Novice: 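Below is the structure I would like to discuss, written out as structure tokens.
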Amino acid sequence: MRAGGIVFIIGAVATLITIAPLFLHTKPFPTVAYLVCMLMAVGFVLAAAGVLRSIGAQRRQAASFTAAADAGTTGSGSGA
């Protein structure tokens with residue numbers, strides 16, 4: 001998830017740098033600069049995938065705790 005955030009920030013900075021010549025009326029950057037801007041979308045996808053993995057891990061952990069709690073209470077009988 002952190003890697004996705006870092007890649008997103010790099011892409012966002014590259015996007016800001018790439019559109020600056022449009023406002024400053026200077027010569028545009030080469031195509032490679034515009035390709036670096038695509039890192040913003042890649043970073044977003046990486047971060048979203050990390051969030052989804054984290055959600056899945058938390059659900060599995062919650063399910064295992066619930067199953068362990070159910071198994072512990074079901075097996076105990078009355079002390080009499």
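If you're wondering where the values come from, they're calculated on a predicted model, not measured in any experiment.
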Novice: Clusters formed by hydrophobic residues whose side-chain heavy atoms approach within less than 4.5 Å: which one holds Phe44, and what are its other members?
Specialist: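 Direct or chained contacts put Phe44 with Phe8, Met40.
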
Novice: Name the atoms and distances for all side-chain donor-acceptor pairs under 3.5 Å in residues 12-24, with sequence neighbours left out.
Specialist:
unit_1: Thr15; atom_1: OG1; unit_2: Gly11; atom_2: O; d: 2.8
unit_1: Thr18; atom_1: OG1; unit_2: Ala14; atom_2: O; d: 2.6

Novice: For a quick test of reading the model, state the closest non-hydrogen atom pair linking Leu39 to Val7 and the distance between them.
Specialist: O-CG1, 3.3 Å

Novice: Test of understanding: clusters of I, L, V, M, F, W, Y form through side-chain heavy atoms closer than 4.5 Å, transitively. Do Ile10 and Leu35 belong to the same one?
Specialist: no

Novice: Do Val42 and Ile6 sit in one hydrophobic cluster, given that two such residues count as connected whenever their side-chain heavy atoms are within less than 4.5 Å of each other, even indirectly?
Specialist: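 Yes, it is one cluster - the side chains of Val42 and Ile6 are joined through contacts under 4.5 Å.
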
Novice: Shortest non-hydrogen contact from Ala47 to Gly5?
Specialist: CB-N, 4.4 Å

